[in-house]
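The next block holds one structure in the form of structure tokens; read it before the comments.
Whatever order the structure lists them in is the order used to number ligands and atoms, beginning at 1.
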Amino acid sequence: MSFLSLITGSFSQPASDNPTGAMIEAAFRHAGLDARYLNCEVAPEGLADAVRGAKAMGWRGFNCSVPHKLAVIDLLDELTPAAAIIGAVNTVLIRDGRLLGENTDGKGFVESLRTRVEPTGRHVLIFGAGGAARAIAVETALAGAASVTIVNRAFARAEALAAHVAAHTPASAHAERWSEGYAVGAGVDVVVNATSIGMHPQHDVTLDLDPQCLRPGIVVADVIANPPVTALLRLAESRGCLTLTGLGMLVNQGVAALRLWTGLEPDAAVMQATLESALQVSAKN
Ligand code: NDP
């Protein structure tokens with residue numbers, strides 16, 4: 001009998017809207033594990049102390065969210081190859097006193113995408129060039145996408161991300177300017193919103209694009225998890241597209257983190273159900 005729980009958690013700011021803890025603790029309970037996930041509000045100037053504290057207290061690992069995904073890298077001993085290419089870390093494993101940084105955001109997206117279409121050979125268009133877009137662009141390219149197009153408000157960021165993907169993955173990649181009423185090209189198979197447009201409370205705000213370009217049968221995915229069905233996804237559904245909410249990505253990035261921390265295969269259905277009920281509550285409040 002041990003009275004010592006396995007401890008994990010998250011460092012972010014703001015932390016109060018982050019539903020990941022509810023989802024991960026539900027998975028721990030379901031697996032019968034004596035384990036905790038502590039959602040901690042950590043300011044940038046406190047990150048190094050928080051990481052040292054987690055190590056000193058024997059935590060198994062932690063997530064990093066906004067604004068720490070880049071800054072945490074300097075505090076780690078090593079990165080997985082994918083995290084090194086992405087250049088951002090959302091999951092840390094503490095093993096034998098060493099800190100290993102991984103990025104499960106893009107892997108979570110690809111696992112979710114596979115419920116609609118296999119990425120191999122596909123032409124993927126991503127709106128956004130921030131952290132989520134970076135992880136999705138790299139992981140879809142590593143999963144075999146033929147091409148990745150980046151469209152972003154700040155064009156220089158789109159160009160930098162496209163050049164990065166082309167240099168570090170087998171996929172071809174290029175950037176396009178986000179003109180008014182942007183028309184997605186006819187050869188595109190998968191459209192991804194990886195911007196924060198449409199996030200709660202902006203339930204009716206959507207991307208500036210030509211609705212006619214959303215052809216029946218293409219996949220339209222959103223990274224926004226709250227609300228799960230964004231204005232973009234409502235539009236895509238009305239046009240006969242296959243849609244994918246940000247919930248699947250959020251669940252699957254958590255599944256990947258749990259695998260890393262515990263070596264166990266968590267129950268994704270339990271995690272998804274917990275997340276959905278947690279987000280319904282937060283959307284009402
Ligand atoms: P970043 O701040 O790194 O990037 C934000 C991106 O959104 C940039 O490309 C920015 O463009 C663009 N953007 C923001 N506002 C506008 C606007 N009004 N018009 C056009 N473009 C805009 O954020 P992240 O990449 O970390 O997160 C993006 C979203 O993804 C968030 O909503 C986050 O919650 C979600 N997310 C979901 C996850 C999931 O598991 N479902 C995981 C991680 C993130 P510009 O460069 O021009 O400023």
Side-chain angles (χ1 to χ4, degrees), residues 10 12-24 63-72 83 86-91 102-113 115 125-140 148-162 164 175-182 192-209 221-233 243-258 268 271-272 275-276 278-279 282-283:
S10 172
S12 67
Q13 187 180 51
S16 60
D17 283 345
N18 187 345
T20 307
M23 171 178 92
I24 302 259
N63 286 134
C64 276
S65 195
V66 176
H68 304 315
K69 289 184 184 181
L70 302 182
V72 75
I86 294 166
V89 162
N90 78 329
T91 303
E102 167 65 301
N103 192 311
T104 65
D105 282 336
K107 290 182 174 65
F109 176 81
V110 168
E111 204 155 326
S112 184
L113 180 62
T115 64
L125 183 141
I126 300 170
F127 288 97
R134 206 174 166 85
I136 290 169
V138 168
E139 292 285 5
T140 49
V148 177
T149 303
I150 308 292
V151 180
N152 191 51
R153 180 176 59 181
F155 183 59
R157 291 186 82 192
E159 286 184 306
L161 177 51
H164 189 78
E176 284 187 8
R177 288 188 190 276
W178 196 339
S179 49
E180 205 181 319
Y182 179 83
V192 185
N193 173 34
T195 74
S196 43
I197 299 172
M199 195 163 69
H200 177 74
Q202 301 178 314
H203 292 224
D204 294 322
V205 183
T206 191
L207 309 183
D208 182 8
L209 54 72
D222 210 318
V223 294
I224 305 294
N226 185 18
V229 182
T230 58
L232 172 67
L233 296 188
T243 59
L244 193 57
T245 75
L247 278 180
M249 176 179 173
L250 193 54
V251 170
N252 285 315
Q253 60 83 25
V255 166
L258 273 168
M271 292 168 70
Q272 170 124 7
L275 192 60
E276 280 172 5
L279 288 176
S282 80

For this session: Return yes if some donor-acceptor pair links the side-chain N/O of Asn152 with the main-chain N/O of Ala129 below 3.5 Å, else return no.
Result: yes
Seminar exercise, completed: Numbered in order shown, the ligand 1 atoms found under 4.0 Å of a heavy atom of Asp105 are 42 (C)
For this session: Heavy-atom distances under 4.0 Å are what count here, so tell me which part of Leu247 touches ligand 1: side chain, backbone, both or neither.
Result: neither
Seminar exercise, completed: atom 34 (O) of ligand 1 has as its nearest protein heavy atom Met199 SD, 3.8 Å
Exercise. About how many Å separate CG of Leu207 and CG of Leu232, when rounded to the nearest 0.5 Å?
Worked result: 5.0 Å
Problem set entry | Nearest heavy atoms of Ala83 and Val89, plus distance in Å | CB-CG2, 4.3 Å
Seminar exercise, completed: Within 4.0 Å of some non-hydrogen atom of Gly246, the atoms of ligand 1 are 41 (N)
Problem set entry | Shortest non-hydrogen contact from Ala231 toward His203 | CB-O, 3.7 Å
For this session: Report the part of Met249 (side chain from C-beta onward, or backbone N, CA, C, O) that has a heavy atom under 4.0 Å from ligand 1; answer both or neither where that applies.
Result: both
Atom pairs and distances, side-chain donor-acceptor, residues 131-139, under 3.5 Å, sequence neighbours left out:
| unit_1 | atom_1 | unit_2 | atom_2 | d |
| --- | --- | --- | --- | --- |
| Arg134 | NE | Ile86 | O | 2.5 |
| Glu139 | OE2 | Lys107 | NZ | 2.9 |

Exercise. Heavy-atom contacts under 4.0 Å between Thr195 and ligand 1: side chain, backbone, both, or neither?
Worked result: both
Exercise. Should you measure from each heavy atom of Ile224, which atoms of ligand 1 turn up under 4.0 Å away?
Worked result: 32 (O)
Exercise. For atom 40 (O) of ligand 1, which of Asn252, Leu250, Val223 has the closest heavy atom?
Worked result: Leu250
Exercise. Considering all protein heavy atoms, does one lie under 4.0 Å from atom 32 (O) of ligand 1?
Worked result: yes
Seminar exercise, completed: Rounded to the nearest 0.5 angstrom, the OG1-CG distance for Thr104 and Leu250 is 9.5 Å
Exercise. Would atom 23 (O) of ligand 1 count as contacted, meaning some protein heavy atom under 4.0 Å?
Worked result: no
For this session: Determine whether Thr230 and Leu233 make a side-chain contact, defined as any pair of heavy atoms from C-beta on separated by less than 4.5 Å.
Result: yes
Problem set entry | Side-chain (Asn90) to main-chain (Asn63) donor-acceptor, under 3.5 angstrom | no
Seminar exercise, completed: Under 4.0 Å from one or more heavy atoms of Gly128, ligand 1 contributes atoms 9 (O)
Problem set entry | For atom 20 (C) of ligand 1, the option (of Thr245, Asn90, Ile197, Leu70) bearing the nearest heavy atom | Ile197
Problem set entry | Closest protein heavy atom to atom 26 (O) of ligand 1, given as residue, atom name and distance to 0.1 Å | Ala132 N, 3.9 Å
Problem set entry | Of the listed options Arg153, Gln253, Lys69, closest to atom 21 (N) of ligand 1 (non-hydrogen atoms) | Arg153
Exercise. Of all the heavy atoms in Gly108, does at least one lie under 4.0 Å from an atom in ligand 1?
Worked result: no
Exercise. Which option out of Ala154, Ser112, Ser196, Ala221 puts a heavy atom nearest to atom 14 (C) of ligand 1?
Worked result: Ser196
Exercise. Does Asn226 use its side chain to pair, donor to acceptor, with the backbone of His200 at less than 3.5 Å?
Worked result: no
Exercise. How are the rings of Phe127 and Tyr182 set relative to one another: parallel (under 30°), tilted (30 to 60°) or perpendicular (over 60°)?
Worked result: perpendicular
Seminar exercise, completed: Heavy-atom closest pair (Gly198 atom, Pro227 atom, distance to 0.1 Å) is O-CD, 3.5 Å
Exercise. Among all residues two or more places apart in sequence or in another chain, which pass the salt bridge (Lys or Arg N to Asp or Glu O under 4.0 Å) test with Asp222?
Worked result: none
Exercise. Quick one: which of Gly131, Ala88, Gly106 has a heavy atom closest to atom 3 (O) of ligand 1?
Worked result: Gly131
Problem set entry | Nearest candidate to atom 28 (C) of ligand 1, where distance is taken over non-hydrogen atoms, out of Ala194, Ala135, Gly130, Pro67 | Ala194
Exercise. For the residue pair Ile197 and Gln202, what are the closest heavy atoms and their distance?
Worked result: CA-OE1, 4.3 Å
For this session: With heavy atoms only and a cut-off of under 4.0 Å, state how Arg157 meets ligand 1: side chain, backbone, both or neither.
Result: side chain
For this session: Would you verify that at least one protein heavy atom lies under 4.0 Å from atom 12 (C) of ligand 1, or report that none does?
Result: yes
Seminar exercise, completed: protein heavy-atom neighbour closest to atom 9 (O) of ligand 1 works out as Asn152 OD1, 2.8 Å
